[in-house]
Amino acid sequence: KSIEFAINQIYERLMLSANGRLVYTGAGTSGRVGLQDGVELFPTFNWPKRRLDFIIAGGTKALLNAVENAEDDVLEATKNTSEKFINSDDVVIGLAASGNTPFTCKVLEESSKKGALTIAISNNPKGEILNFGQCQIILNTKEEVISGSTRLKAGTAQKICLNIMSSMVMAKMGRIKNGKMSHMVPTNAKLRERKLRINTDL
């Protein structure tokens, strides 16, 4: 129910303005999971790139390398949120396996102050991040098989959750027709052929 509620809230917020953005925020594995979901929205649904953004602890460098202390840097979180001009048209989705990542909590807190719709996704039922989400989603994956490695259960659950949410939001916004990717962007021969088949079927 919490995922369905979040989907409806995201849809309603994005429909209010032609400029509202989907903004993903997180640190480490959670940041990369959010990035992966976001970057797929343009080729799959032709979601405008100007309506998509990311606030990742440690910046783009952290996508390939661990950046020391990045997930604890609340000053950088505040700065990044301000530099992105987060506002009431936007939806900010924060992911934290521990639920307590200072950077991500701060981004959601500051985004909420600026009037954005905030979605808090925590793998910890008692995660602090839930205090800063107008929509709260708990993915209680419990202890990892490899202790401390959130790339396994927590990361997988986050990816599935985001897949469901973004796909359903795009469907509600009319970017899927008859179960087909009607708005897909064909960037290679395989996809051009698929786009032709889809258009023929619609």
Side-chain angles (χ1 to χ4, degrees), residues 1-17 19-38 41 51-59 62-63 67 69-142 150 153-155 157-166 168-169:
K1 288 185 176 180
S2 59
I3 294 177
E4 182 181 2
F5 178 71
I7 289 167
N8 290 331
Q9 292 296 303
I10 294 169
Y11 165 71
E12 290 174 12
R13 182 61 63 98
L14 293 178
M15 288 297 288
L16 291 176
S17 164
N19 299 310
R21 293 169 293 175
L22 270 172
V23 182
Y24 295 78
T25 185
T29 296
S30 295
R32 296 183 194 100
V33 167
L35 181 82
Q36 184 180 358
D37 192 73
L41 297 182
R51 298 190 67 182
L52 177 70
D53 217 327
F54 305 93
I55 302 177
I56 307 296
L63 299 178
V67 177
N69 299 319
E71 72 170 46
D72 302 318
D73 197 339
V74 293
L75 293 179
E76 190 68 16
T78 301
K79 178 185 174 185
N80 289 172
T81 308
S82 178
E83 289 175 344
K84 295 291 185 181
F85 299 104
I86 300 297
N87 60 76
S88 59
D89 291 334
D90 298 327
V91 176
V92 181
I93 302 174
L95 302 111
S98 70
N100 298 312
T101 308
F103 179 93
T104 314
C105 288
K106 193 64 176 177
V107 170
L108 282 198
E109 181 182 10
E110 292 301 310
S111 298
S112 186
K113 289 179 183 177
K114 296 175 185 297
L117 172 65
T118 52
I119 315 293
I121 301 176
S122 173
N123 293 83
N124 174 6
K126 298 180 180 179
E128 185 184 353
I129 194 174
L130 298 171
N131 296 321
F132 306 113
Q134 290 144 24
C135 298
Q136 305 166 342
I137 297 173
I138 298 170
L139 306 172
N140 189 10
T141 47
K142 298 184 168 60
T150 57
K153 289 198 293 184
Q158 289 177 354
K159 184 68 171 73
I160 293 170
C161 178
L162 290 181
N163 278 168
I164 294 169
M165 288 171 58
S166 59
M168 291 307 299
V169 168

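Here the structure is a predicted model, which is why all the values come from computation and not from measurement.
To the nearest 0.5 angstrom, Asn124 atom CG is 7.0 Å from Ser98 atom OG. With rounding to the nearest 0.5 angstrom, the CD1 atom of Ile137 is 11.0 Å from the CD atom of Gln158. The line from OG1 of Thr101 to CD of Glu71 is 5.0 Å long, rounded to the nearest 0.5 Å.
The shortest non-hydrogen separation linking Asn163 to Asp37 is ND2-OD1, 3.3 Å. In this structure, Ala120 and Gly133 approach most closely via the heavy-atom pair CB-CA, 3.8 Å. Taking each heavy atom of Ala96 and Ile129 in turn, the nearest pair found is CB-CD1, 4.0 Å. Taking every heavy atom of both residues into account, Ala154 and Thr141 meet most closely at CA-OG1, 3.8 Å. Taking every heavy atom of both residues into account, Ile86 and Ala116 meet most closely at CG2-CB, 3.7 Å. Counting all heavy atoms, side chain and backbone alike, Leu117 lies closest to Arg13 at N-NH1, 3.2 Å.
The salt bridge (charged side-chain N to carboxylate O under 4.0 Å, His left out) check on Lys84 picks up Asp53, with sequence neighbours excluded. For Asp89, there are no salt bridge (charged side-chain N to carboxylate O under 4.0 Å, His left out) partners at least two apart in sequence or on another chain. Taking the side-chain contact (heavy atoms from CB on, under 4.5 Å) definition, one finds that Thr25 meets it with Ile55, Val92, Phe103, Thr104, Val107, Leu108, sequence neighbours left out. Taking the side-chain contact (heavy atoms from CB on, under 4.5 Å) definition, one finds that Leu35 meets it with Val39, Phe54, Leu63, sequence neighbours left out. In this structure Glu128 satisfies the side-chain contact (heavy atoms from CB on, under 4.5 Å) test together with Asn100, Cys105, Asn131, Phe132, sequence neighbours excluded. Legend: residues meeting side-chain contact (heavy atoms from CB on, under 4.5 Å) with Asn69, ordered by chain and number and at least two apart, are Asp72.
Counting only heavy atoms from C-beta outward, the side chains of Lys142 and Asn140 approach each other to under 4.5 Å. The shortest distance between side-chain heavy atoms of Tyr24 and Ser30 does not fall below 4.5 Å. Residues Cys161 and Ile3 are in side-chain contact: their nearest non-hydrogen atoms beyond the backbone lie under 4.5 Å apart. The shortest distance between side-chain heavy atoms of Ile93 and Thr118 does not fall below 4.5 Å.
With hydrogens and angles ignored, the 3.5 Å screen pairs a side-chain donor or acceptor of Asn87 with a backbone N or O of Phe85. Here the side chain of Arg21 pairs no donor or acceptor atom with the backbone of Leu14 at under 3.5 angstrom. Side chain of Asp73 to main chain of Ala70: no donor-acceptor pair is present (N/O by atom type, distance under 3.5 Å, no hydrogens or angles). With Arg32 contributing its side chain and Ala62 its backbone, the two residues share a donor-acceptor pair below 3.5 Å. Using a distance-only test at 3.5 Å, with no hydrogens or angles considered, no donor-acceptor pair links the side chain of Ser82 to the main chain of Thr78.
Of the N and O atoms on the side chains of Glu4 and Asn8, not one donor lies less than 3.5 Å from an acceptor on the other residue. No side-chain donor from either of Gln136 and Ser2 sits under 3.5 Å from a side-chain acceptor of the other.
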Test log, rule side-chain contact (heavy atoms from CB on, under 4.5 Å), inputs Ile10 and Met168
CA-CA 10 Å; Ile10 294 169; Met168 291 307 299; over 6 Å; no

Output, in order, the C-alpha distance, side-chain angles, deciding distance and verdict of side-chain contact (heavy atoms from CB on, under 4.5 Å) for Thr81 and Lys113.
CA-CA 11 Å; Thr81 308; Lys113 289 179 183 177; over 6 Å; no

I'd like to know whether Lys106 forms a salt bridge (charged side-chain N to carboxylate O under 4.0 Å, His left out) with Glu110, so could you lay out the CA-CA distance, the side-chain angles of the two residues, the decisive distance to 0.1 Å, and finally the verdict.
CA-CA 6 Å; Lys106 193 64 176 177; Glu110 292 301 310; 3.6 Å; yes

Intermediate values then yes/no, side-chain contact (heavy atoms from CB on, under 4.5 Å), Gln134 and Gln9
CA-CA 9 Å; Gln134 290 144 24; Gln9 292 296 303; over 6 Å; no

side-chain contact (heavy atoms from CB on, under 4.5 Å) assessment of Leu139 paired with Ile121:
CA-CA 7 Å; Leu139 306 172; Ile121 301 176; 3.6 Å; yes

